[in-house]
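Note sheet for the following structure.
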Amino acid sequence: MHWFDELLPRVESFLGEKKDTVISAGLSVSGLQHVGRLRGEVVLANAIAEGLRKSGRNVKQILVLYTQDSWKGKDGQLAQFGDGGGKEYVGRRLIDVPDPKGCHENWVDHYWRDFGDVLEEFATKVEITSTTEVYQTDEMRRNVLELLEKAEKIREIVNRYRGRMKYPEGWIPFEPLCKKCMKIGSAEALSVSEDGQVSYKCSCGDEGASSIEEGKLNWRLEWPSLWKVLSVDIEPFGKDHATPGGSRDSCKNLAKNVMSLTPPFGIAYEWVGMSREGTDLGDMSSSDFKGFTPKEWLEFGEPHALRFIYLQAKPSKRIVLDLAKMDTYHDHLDSGYSNYWQDEKEEESELKSRTYDISAVDRVARKDMFILPYKEASLLTQISSVEDKLHWVVSRLTDTGILTRELAEDEEQYLSKRIGLADAWITKYAPESYHVELQEELPEDVRSELTEEDVKSLAIFRERLEGADWNEDALKETMIQMTKMEDFPVSTKRFFRNLYLALLGKEQGPRAAPFLSILEKDFVLERLDDVSQE
RNA sequence: GGGCCCGUAGCUUAGCGUGGUAGAGCGAUCGGCUCUUAACCGAUAGGUCAAGGGUUCGAAUCCCUUCGGGCCCGCCA
């Protein structure tokens with residue numbers, strides 16, 4: 001059974017009869033919005049939302065951006081400003097930090113783009129909001145005022161979770177914005193008026209007042225307040241909050257005992273790491289600017305392929321992504337597709353099928369689509385003529401018998417898309433061994449790898465090519481005839497190895513006839529001559 | 001120091017609330033397809049189930065310990 005199908009019923013029974021439900025997750029726009037943030041906050045939440053919709057519930061999926069949080073000024077964040085800059089913004093709300101690149105309103109707007117602009121590709125019907133927006137609502141303002149009236153009870157509970165630094169009597173669990181230094185969290189709230197003005201004394205020396213929506217609640221109250229104001233029923237959250245006795249526990253406590261609120265059904269998930277050439281580079285990190293963005297993923301991969309990865313692994317398992325493995329990721333997706341449409345499923349394929357089912361959501365392609373393996377696409381794109389790649393590839397696939405019928409329009413689109421992705425991948429992230437690179441000169445070390453028979457085999461080929469027509473069929477025919485000669489000096493396999501060595505400097509390559517046919521005849525003849533000359 | 005999560009073939013993993021001596025996909029190797037590959041089809045190899053101990057007739061599966069990767073228990077969110 002798929003882990004998802006054990007989780008979903010538990011969510012269902014938590015919800016009971018409730019028809020209208022909200023699933024919400026949050027993230028802080030502290031820097032690079034990497035793909036790891038799509039895992040729990042977006043994809044997992046979305047899969048559950050869809051699952052609940054299927055059983056007839058009205059589900060709202062919300063993604064809350066924590067934009068009111070303060071900017072820490074970590075090394076990676078400061079580095080965005082270039083030499084020595086940015087220090088003056090430490091402690092400001094994220095929305096008050098300027099865009100280091102100067103192209104957007106502020107920090108949040110800039111770094112949200114590579115994530116937010118393509119979010120739709122990974123999950124539909126996600127409503128985006130921000131803590132900044134939430135603080136501006138009447139519900140939140142009312143909620144804050146209510147909480148501040150219970151400040152003493154809150155203090156008592158919060159202090160249980162704090163070690164030495166207990167909050168003193170009279171503590172107000174609110175962080176006003178200092179109007180002078182523009183920082184949040186460095187001013188102490190002194191009193192709150194009924195109309196929501198918080199007077200403060202800041203460590204910079206300023207004394208003044210800020211409105212509720214300019215500041216923010218202490219985080220232990222902010223979290224449950226969001227549950228309340230947004231009516232959250234289900235909430236995925238990162239493993240950092242998951243430990244019993246950890247942060248989420250204290251928030252649950254406050255929700256229950258101060259706000260009379262049932263905390264949402266929580267789902268903890270592990271983080272996403274990245275690796276390069278087999279080396280684990282650690283978890284992706286927003287404020288350290290480590291990782292790659294959803295936008296970058298889409299340059300090389302289909303959104304479903306990533307959803308598939310995220311939904312295959314149990315949320316409690318760490319996932320490590322490597323852009324060099326795009327071909328494998330798509331193989332998994334493709335096998336999910338074919339398993340999905342299989343009439344009789346073995347137990348093994350059931351899991352893949354189900355993963356595909358929840359990965360593809362409403363975009364489950366129809367049955368029997370022609371799908372070119374990603375790796376094949378990456379090879380074909382390298383040897384195809386540049387203009388009209390799609391039709392070149394289609395005719396190649398037809399000639400080789402891999403494709404035995406006309407492609408429908410959607411299939412052609414899908415194929416074209418995949419060729420484009422694989423093409424981008426080849427130039428940027430594919431492992432070296434995937435590259436098919438025509439050697440302009442006969443590589444030096446090739447000669448030493450060829451025996452006398454090897455050289456002879458190529459010489460015979462050269463001779464036969466001379467009079468042959470230069471098209472795929474003729475080339476193919478020539479090779480077949482030749483390798484069947486009684487006294488041909490090497491095995492067929494060996495011959496092709498020799499040919500690839502002479503042209504590519506590697507022992508393997510794309511199908512020979514089509515490949516040769518797009519090269520200049522004279523070039524090939526010359527190369528074969530070179531091999532024979534000592 | 002206390003707690004939590006993860007560790008099954010090169011890679012991705014099934015099995016692990018109801019213990020009976022490991023299944024799969026990819027990759028690799030070999031072969032087939034009277035067209036060669038990295039397509040397709042078939043076959044083969046590959047696992048002391050992180051390590052050690054315990055319970056048991058019998059453990060990947062239950063218990064304890066250890067190791068490795070990560071997180072929480074201060075502040076900040």
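This is a predicted model, so every value here is computed, not measured. In what follows, chains carry the letters A, B, and so on, assigned in the order in which the sequence lines appear, proteins first and then strands, with residues in each chain numbered from 1.
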- Can you say whether the rings of A:Y500 and A:F496 are parallel (under 30°), tilted (30 to 60°) or perpendicular (over 60°)? tilted

- Task: Could you tell me whether A:S247 contacts a base, only the sugar-phosphate backbone, or nothing, with contacts defined as non-hydrogen atoms closer than 4.0 Å?
- Result: base

- Tell me what A:W271 touches on the nucleic acid: a base, only sugar-phosphate, or nothing, going by heavy atoms under 4.0 Å. sugar-phosphate

- A:S247 and A:H241 side chains, donor-acceptor separation under 3.5 Å: yes

- Message: If you compare every side-chain N and O of A:T328 against the phosphate oxygens of B:C11 (OP1, OP2), does one of them come in below 4.0 Å?
- Response: no

- Message: Regarding A:R418 and A:D334, does a basic nitrogen lie under 4.0 Å from an acidic carboxylate oxygen?
- Response: yes

- Query: Looking at the side chain of A:T243, which of B:C71, B:A38, B:U36 is the nearest nucleotide?
  - Reply: B:C71

- Does the ring center of A:Y434 lie less than 6.0 Å from the ring center of A:W425? yes

- Query: Touch check for A:Y167, heavy atoms < 4.0 angstrom, all strands: base, sugar-phosphate only, or nothing?
  - Reply: sugar-phosphate

- Message: Does A:K72 reach a base, just sugar-phosphate, or nothing at all? Heavy atoms under 4.0 Å.
- Response: sugar-phosphate

- Task: Report yes if a side-chain nitrogen or oxygen of A:R162 is closer than 4.0 Å to either non-bridging phosphate oxygen (OP1 or OP2) of B:C75; otherwise report no.
- Result: yes

- Message: Given the structure, check if the side chain of A:S335 and the base of B:G25 hold any donor-acceptor pair shorter than 3.5 Å.
- Response: no

- Look at A:K314 and B:A14 and indicate whether a side-chain polar atom (N or O) is within less than 4.0 Å of OP1 or OP2. yes

- Would you mind classifying the nucleic acid contact of A:K74 as base, sugar-phosphate or nothing, using non-hydrogen atoms under 4.0 angstrom? nothing

- Task: Check the pair A:W223, A:W219 against ring-ring contact (aromatic ring centres under 6.0 Å, His included), reporting the backbone distance first and the verdict last.
- Result: CA-CA 6 Å; A:W223 201 354; A:W219 69 271; 7.4 Å; no

- Verify whether one side chain among A:Y111 and A:Q80 offers a donor that lies under 3.5 Å from an acceptor in the other. yes

- Pairing string of RNA chain B (Watson-Crick or G-U wobble, both atom distances under 3.5 Å; | = paired to other strand) is (((((((..((((.........)))).(((((.......))))).....(((((.......))))))))))))....

- Query: Would you say A:K352 reaches B:A14's phosphate, i.e. side-chain N/O to OP1/OP2 under 4.0 Å?
  - Reply: no

- Message: Side chains of A:E270 and A:S316: any donor to acceptor distance under 3.5 Å?
- Response: no

- Select base, sugar-phosphate, or nothing to describe what A:E175 touches, counting heavy atoms under 4.0 Å on all strands. sugar-phosphate

- Query: Of the nucleotides B:A38, B:C6, B:A77, which one has an atom closest to the side chain of A:L379?
  - Reply: B:A38

- Item | Inter-nucleotide P distance (B:A45, B:A50), Å rounded | 23 Å

- Note on the structure: Side-chain contact check for A:Q312: nearest option of B:C26, B:A77, B:U12 is B:U12

- Task: Between B:A14, B:U36, B:U12, spot the one nearest the side chain of A:H332, thanks.
- Result: B:U12

- Query: So what does A:Y500 touch, heavy atoms closer than 4.0 Å: a base, only the sugar-phosphate, or nothing?
  - Reply: base

- Taken to the nearest whole Å, NZ/A:K317 to C1'/B:G69 is 13 Å

